[in-house]
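The structure appears right after this line, and notes come after that.
Chain identifiers are assigned alphabetically (A, B, ...) following the order of the sequence lines, protein sequences preceding nucleic acid strands; residue numbering begins at 1 within each chain.
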2 protein chains.
Amino acid sequence: MEKCHQSHFRRQSVISRKEVAKLAGVSEATVSRVLNNVGPLKEETRERVLQAAAVVGYVPNALAQQFARRKSGNIGVILPFVPKVHLFSTYYFSEILSGIGETAKRCGYDLLLIFREPDGARDYAKLFRTQKIDACIVLGSQDVPEERAALAELKASGYPFCLVNQRFEEADYAAVDADHRNGSREAVLHLIDRGCRSIAFLNGPLQYSNSADRLEGYKNALVEKGIAYVSQLVYVGNYSRKSGYELAEQLALQIRSGVVDAVFAANDRMAIGLMQGLRERGLEAGKQYAMVGYDDSDGSRIISPRLSTVAVPFYEMGKLAAAKLLDGEQRADAVSSLLPVQLMVRETSGHE
Amino acid sequence: MEKCHQSHFRRQSVISRKEVAKLAGVSEATVSRVLNNVGPLKEETRERVLQAAAVVGYVPNALAQQFARRKSGNIGVILPFVPKVHLFSTYYFSEILSGIGETAKRCGYDLLLIFREPDGARDYAKLFRTQKIDACIVLGSQDVPEERAALAELKASGYPFCLVNQRFEEADYAAVDADHRNGSREAVLHLIDRGCRSIAFLNGPLQYSNSADRLEGYKNALVEKGIAYVSQLVYVGNYSRKSGYELAEQLALQIRSGVVDAVFAANDRMAIGLMQGLRERGLEAGKQYAMVGYDDSDGSRIISPRLSTVAVPFYEMGKLAAAKLLDGEQRADAVSSLLPVQLMVRETSGHE
DNA sequence: GCATTTAATGTACACGCGTACATTATGTCA
DNA sequence: TGACATAATGTACGCGTGTACATTAAATGC
């Protein structure tokens with residue numbers, strides 16, 4: 001992994017506020033005041049300066065501004081580096097990113113993309129110490145020791161950050177999450193309403209608070225309907241399609257023997273993989289068993305039969321996460337937010 | 001759309017190289033030299049400085065560095081702002097982004113994400129004039145007047161930039177593209193090999209050079225095999241699933257009447273939409289007609305029957321685009337690159 | 001009309017780093 | 001040992017902005 005030359009971009013001869021000041025016949029400070037709209041200003045002066053700026057084509061140097069203000073104007077977005085590995089729904093990230101971008105732009109901030117190192121080195125705090133970012137949003141966070149340490153350091157140093165789709169129980173980090181507990185509950189209630197009585201649950205790894213929430217919702221729904229929770233009916237995949245596919249053999253037996261009549265999967269990818277595996281064994285979702293996924297991904301609408309699933313407002317989550325960091329003071333109620341999700345009933349759990 | 005307060009992040013009292021210099025008993029310049037590894041240095045001094053830096057916990061201020069170097073160290077990535085509108089494959093973007101990120105990190109650059117304004121205002125050059133970015137990569141570019149103007153300005157001002165997946169014929173902009181001409185040709189040749197003789201082509205809008213390339217490849221394949229090109233067999237969607245779906249009615253008639261026995265679609269999304277529409281009319285891909293898509297998206301493997309398609313090395317394209325800008329001098333052969341694509345034969349065009 | 005406030009602008013400097021140039025230490029060769 | 005090249009370090013300043021403080025112009029009150 002060779003490093004490459006760093007500095008082959010030419011240094012342009014920019015025009016600074018000095019030129020503007022000279023042309024407008026005022027001091028540099030006045031130019032600065034006009035452009036930043038600060039202090040009392042004579043209207044005539046303002047116009048003269050603005051016109052002069054337009055004439056010479058002045059554009060403030062963002063680097064100098066950042067330096068002088070001791071603020072980068074950047075909000076860091078930390079995300080997992082997973083090329084070729086479709087562990088996460090890419091839909092998920094692009095929606096969240098768009099949401100963040102929307103708020104950031106409104107508040108005059110830029111987005112600095114930071115890919116998390118694969119090897120667990122996550123010195124998020126350094127990004128703040130170097131002043132590269134003023135705040136940050138952490139996507140795809142997991143409850144693992146390195147992550148906990150990194151976040152604890154951020155918190156301890158008072159750096160503003162916000163988690164999306166992950167919470168840490170004992171730590172009151174700012175976070176934006178969707179109500180997966182209720183989403184899962186509703187999904188399972190829906191299956192029960194459809195007449196299913198032994199519902200398997202294909203969950204993801206528990207280092208995602210997401211997964212734990214879903215498990216809880218699953219249990220709650222069962223209890224609510226007086227159905228016993230059976231831990232043998234809970235399977236764990238890794239949110240990939242493959243991990244769903246690989247569980248097909250096992251589940252096919254359960255379905256055939258009548259031990260299982262429905263599956264609730266913690267995301268669409270696993271649901272789809274499982275459906276494909278079961279189909280290869282002659283079992284069709286919506287016929288021999290019912291299925292509900294999670295995320296309302298593109299795939300859920302593409303696949304046949306169309307997958308019932310739970311829609312998550314990713315875009316809004318991104319918007320809200322950024323707003324938490326950028327929009328004024330953080331109110332108490334805004335530390336942690338839970339956005340509603342929506343059950344989408346389609347063919348895999350529809351009426352027979 | 002209310003603006004929000006800008007500056008509620010506290011100003012930290014950082015420690016600068018001054019403290020390091022004092023502790024190490026050297027001048028600030030020497031500290032700087034050690035950290036930048038420039039000029040002749042006594043080994044003992046270097047160690048003393050590094051140790052002092054470690055003791056006081058010194059971290060260079062990136063904003064000051066950028067200002068002094070007149071370089072932001074950022075590479076801008078411009079992409080379309082399309083929340084909720086799945087016009088582009090999100091897979092496409094996340095792969096390219098990962099690729100860019102990989103190279104950028106290797107070269108010590110950060111990624112500044114810039115969403116293109118929906119309303120056509122695209123002052124890319126301003127990003128350079130303000131020094132926010134040192135180079136940029138343009139994704140999802142289209143051949144429309146505002147875009148041409150924006151790119152021409154970049155070129156005229158000598159700002160380094162690179163297009164991905166789009167070329168402008170008369171302008172020799174740096175670009176990384178996949179060989180869609182050949183990809184399309186091979187897809188169509190494959191269909192012909194499978195016995196198809198009247199192959200419809202569902203293309204995208206021609207303001208993407210992509211689309212034009214594919215059309216050319218389509219034509220070439222036909223000519224090569226002595227099949228007449230019939231312009232009535234070319235349809236135009238907008239790369240969305242919906243646009244494919246909506247063409248189903250029309251194509252169902254053509255297929256039933258024997259005017260069409262295969263469809264080549266310019267991307268998977270349209271192919272999938274079309275397949276779904278045709279299925280609703282009793283026509284199955286791989287049976288009554290053959291189908292080949294483009295992109296090798298997740299959906300192509302999810303859908304049933306599995307969609308034959310053309311795989312595009314998005315990740316590598318991102319890597320290469322960044323390398324063109326960051327890796328040393330741009331060689332002549334590197335102005336425009338064409339990466340190979342690969343036909344993936346699956347069920348929609350397999351043997352009967 | 002003068003004292004006093006307030007508006008408007010100018011002056012001066014800090015921000016933290018990179019680096020050109022000056023200076024001093026350390027050789028090297030005759 | 002002296003002349004000289006080179007290594008190692010120090011000094012001084014620029015980068016372009018924001019802004020505290022000083023200064024001057026205008027407005028207000030009596």
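For B:Y58, the ring pair (Phe, Tyr, Trp, His ring centres under 6.0 Å) test picks out no residue, with sequence neighbours left out. Under the ring pair (Phe, Tyr, Trp, His ring centres under 6.0 Å) criterion, A:F115 pairs with A:F81, sequence neighbours left out. For B:R167, the side chain to side chain donor-acceptor pair (under 3.5 Å) partners are B:E169, B:D177, B:D213, not counting sequence neighbours.
Per the geometry, CG belonging to A:L41 stands 16 Å off P belonging to D:dA26, to the nearest Å. Distance B:K132 NZ to D:dG16 P: 18 Å, rounded to the nearest Å. For the pair B:R17 CZ and D:dT9 C1', the computed distance is 14 Å after rounding to whole Å. A straight line from CD of B:Q65 to P of D:dG14 spans 21 Å, rounded to a whole angstrom. Residue B:K71 contributes atom NZ, which lies 11 Å from atom P of C:dT19 at whole-angstrom precision. The nearest whole Å value for the distance from the CD atom in A:Q131 to the C1' atom in C:dC15 is 10 Å. Across the protein-nucleic acid pair, B:L63 atom CG and C:dC15 atom C1' stand 10 Å apart, rounded to whole Å. If you take CG of A:N37 and P of C:dA8, they are 13 Å apart, rounded to a whole angstrom.
Residue pairs meeting the ring-ring contact (aromatic ring centres under 6.0 Å, His included) criterion with at least one member in residues 17-54 of chain A, sequence neighbours excluded, do not occur.
Both A:G25 and B:S16 lie close to DNA chain C; mapped to their nearest nucleotides by heavy-atom distance, the more 5′-ward contact belongs to A:G25. The residue among B:A64 and B:G39 whose nearest nucleotide of DNA chain D is located toward the 5' end is B:G39.
Side-chain atoms of B:Q166 come within 3.5 Å of backbone N or O of B:S209 as a donor-acceptor pair. Of the possible polar contacts, none joining the B:Q207 side chain to the B:D143 backbone as a donor-acceptor pair under 3.5 Å is found.
Stacking is found between A:F67 and the pyrimidine-like six-membered ring of the C:dC15 base under the 5.5 Å centre-distance and 30° plane-angle cut-offs.
Residue-level contact check: A:E28 touches the bases, meaning some heavy atom is under 4.0 Å from a base atom. Residue contacts shown for B:V26 are limited to sugar-phosphate atoms, with no base heavy atom under 4.0 Å away.
For the helix from C:dG1-D:dC30 to C:dA30-D:dT1, the angle separating the two terminal helix axes comes to 40°, with each axis derived from five pairs and the value rounded to 10°.
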Check step by step if salt bridge (Lys or Arg N to Asp or Glu O under 4.0 Å) holds for A:E19 and A:K22. CA-CA 5 Å; A:E19 285 75 37; A:K22 190 157 56 174; 5.9 Å; no
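At a cut-off of 3.5 angstrom, counting only N and O atoms as typed in the model, there is a donor on one side and an acceptor on the other between the side-chain of B:R33 and the base of D:dG10.
Listed nucleotides: D:dG10, C:dA8, D:dG18. Nearest to the side chain of A:P40: C:dA8. In the set C:dT19, D:dG18, C:dG16, D:dG18 carries the atom at the smallest distance from any side-chain atom of A:N36.
In this structure, B:S27 does not reach the D:dT9 phosphate: none of its side-chain N or O atoms is under 4.0 Å from OP1 or OP2. Taking side-chain N and O atoms only, A:S32 has no distance below 4.0 Å to OP1 or OP2 of D:dT17. The phosphate of D:dC15 has neither OP1 nor OP2 within less than 4.0 Å of any side-chain N or O from B:R70.
Heavy-atom neighbours of B:Q51 CD from other residues, nucleotides or ligands within 6.0 Å: at or below the threshold of 12.
Of all the residues in residues 42-56 of chain B, B:K42, B:T45 reach under 4.0 Å from DNA chain D with at least one non-hydrogen atom.
Salt bridge annotation for A:R48-A:E44: present, with a cationic side-chain nitrogen under 4.0 angstrom from a carboxylate oxygen. Electrostatic pairing of A:E153 and A:R129 counts as a salt bridge here, judged by a charged N lying under 4.0 Å from a carboxylate O.
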